[in-house]
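The structure appears right after this line, and notes come after that.
Computed from a prediction, not measured in an experiment: that's the story for all the values here. In listed order, ligands and their atoms are each counted from 1.
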Amino acid sequence: MQVQGRPTRTIWPSADARSVNIVDQRALPHTWVTQQLHSVEAAAEAIAGMAVRGAPLIGVTAAYGLALQALVDVGDAALADAAATLKATRPTAVNLAWAVDKTLTQLLAVPREQRAATAWSLAAALADADVRTNAAIGDHGLALLRPLAAQKHARGDKRPLQILTHCNAGWLATVDWGTAIAPIYKLHAAGTAVHVWVDETRPRNQGASLTAWELREAGVPHTVIADNAGGHLMQRGEVDAVIVGCDRVSANGDVCNKIGTYLKALAARDCGVPFYVAMPMSTLDLSINDGSQEIPIEERSAREVTHLAGRSANGEIVEVQLVPDGSAAANPAFDVTPARLVTALITEHGVIPATATAIATLVEGVAR
Ligand code: MRU
């Protein structure tokens, strides 16, 4: 993605391969801040503290975390400890464990003197693969959505294709492109008029602060809405499709994503609006068969619900309290949308139904 006119990734190693640079997403949309991570502890803190977030990006950050560890100690135990620290940062997005396990296995298989250099190239390869994956999801999503725009225009409806998205599954959640937002970028670049309804995504507001920011940077028309507005807009024919990302998809196609996704899927089904999920294969967890019962759901601080931060009129970032003193708050950060509510999964290998059979067939085809 272009940031201030320059092609930019969300994570990149420094030239001497001794640190890794990230965008501190907590400062957006008000300030562009980058940070240099020098240790595995700093990488773990960046993930746990949400300086970086989004399923694919936390996986890649963790792989760079192992590379940072490899500069200090490449022993089996040290690498395994670092891997455990990184995996413990966030429980729901399976991409994190996937990236750490895959990198660790490959590292332990090479002689110690090669491990540091190997760790940096594995992390870089994972980052490059993420970019290719998301670009492919964008292409498959484009092929799916363009006909929707054409049909809409054929009906005499001259409005842009209206897409609703939840949370941030865009450039900032990945190394580049995004997953759910990649097809939108491709549609926009192809000249199809598109407008995005951006769910604010309480309580952390990744939609309002991150998705809105990157769509604005890219010049894609969009409107931020309160989370509760989506059902109403769907009833009134103002949404042609919903596209969201995912943090873990079970073998039967249940989709775990940011809290509130399930309600959007229910409303979409009631209103006959297609509900698409952009799913890189790294988000698939074949060890889980019933997503709603088995996927671990991160419970985050109640303070994210009771308080809100934003920019005041004089430009300062201030935090305010929303609830009465003493009111309890709960903050489950993800929910699970049952496969039956998902119209299709958009993967890097093509678009498939969210069914156990289609998923198994795709996995088998990819492995061959
Ligand atoms: O808590 P977050 O901000 O990491 O949650 C992110 C999401 O839920 C995204 O939709 C998901 O990770 C997909 S990102 C391509």
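- Under a 4.0 Å criterion applied to the non-hydrogen atoms of G54, ligand 1 contributes the atoms 4 (O), 12 (O).
- At a 4.0 Å heavy-atom cut-off, ligand 1 touches Q206 through the side chain alone.
- Among all protein heavy atoms, the one lying closest to atom 6 (C) of ligand 1 is R53 NH2, 3.5 Å.
- Ligand 1 has P56 within reach: a non-hydrogen atom of the residue lies less than 4.0 Å from it.
- Here Y262 is tied into one hydrophobic group with L263, L266, L341, each link being a pair of ILVMFWY side chains closer than 4.5 Å.
- Scanning the protein for heavy atoms near atom 14 (S) of ligand 1, the closest one is A173 CB, 3.4 Å.
- The two atoms that bring L86 and L96 nearest to each other are O-CD2, 3.6 Å, heavy atoms only.
- Annotation: the span from I317 atom CD1 to H30 atom NE2 amounts to 4.5 Å, rounded to 0.5 Å.
- Short contacts between ligand 1 and A55, defined as distances under 4.0 Å to a heavy atom of the residue, involve ligand atoms 12 (O), 14 (S).
- Contacts between A93 and ligand 1 below 4.0 angstrom, taking non-hydrogen atoms only, are absent altogether.
- Taking 4.0 Å as the cut-off, V244 does not count as a neighbour of ligand 1 on heavy-atom distance.
- Nearest-residue assignment for atom 11 (C) of ligand 1 (options I58, N134, D247; heavy-atom criterion): D247.
- For the pair E298 and R300, the salt-bridge criterion is met [side-chain N within less than 4.0 Å of a carboxylate O].
- Contact annotation: the side chain of H222 never approaches that of W197 to less than 4.5 Å [non-hydrogen atoms, C-beta and beyond].
- Distances below 4.0 Å separate heavy atoms of C167 from the following atoms of ligand 1: 5 (O), 6 (C), 7 (C), 8 (O).
- A salt bridge between R248 and D285 is present, with a side-chain N of the basic residue lying under 4.0 Å from a carboxylate O of the acidic one.
- Electrostatic pairing of E238 and R159 counts as a salt bridge here, judged by a charged N lying under 4.0 Å from a carboxylate O.
- With distances taken over non-hydrogen atoms, the option nearest atom 2 (P) of ligand 1 out of H166, M279, R248, R90 is R90.
- Checking I181, D130, N257, I259 against atom 9 (C) of ligand 1, the nearest heavy atom belongs to N257.
- A 4.5 Å side-chain heavy-atom check between F275 and T261 finds at least one atom pair inside the cut-off.
- In the vicinity of A169, heavy-atom distances shorter than 4.0 Å reach the ligand 1 atoms 14 (S), 15 (C).
- For atom 5 (O) of ligand 1, the closest non-hydrogen atom of the protein is K258 CE, 3.3 Å.
- When all heavy atoms of L187 and L161 are compared, the closest pair comes out as CD1-CD2, 3.9 Å.
- Taking a cut-off of under 4.0 Å to the non-hydrogen atoms of M50, the atoms of ligand 1 that pass are 1 (O), 3 (O).
- At the shortest separation from atom 15 (C) of ligand 1 among protein heavy atoms lies T179 OG1, 3.0 Å.
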Throw together a table of side-chain donor-acceptor distances under 3.5 angstrom for residues 361-368, partners on residues two or more places apart or in other chains.
from: T361; atom 1: OG1; to: T357; atom 2: O; distance (Å): 2.7
from: E364; atom 1: OE2; to: R368; atom 2: NH2; distance (Å): 3.4

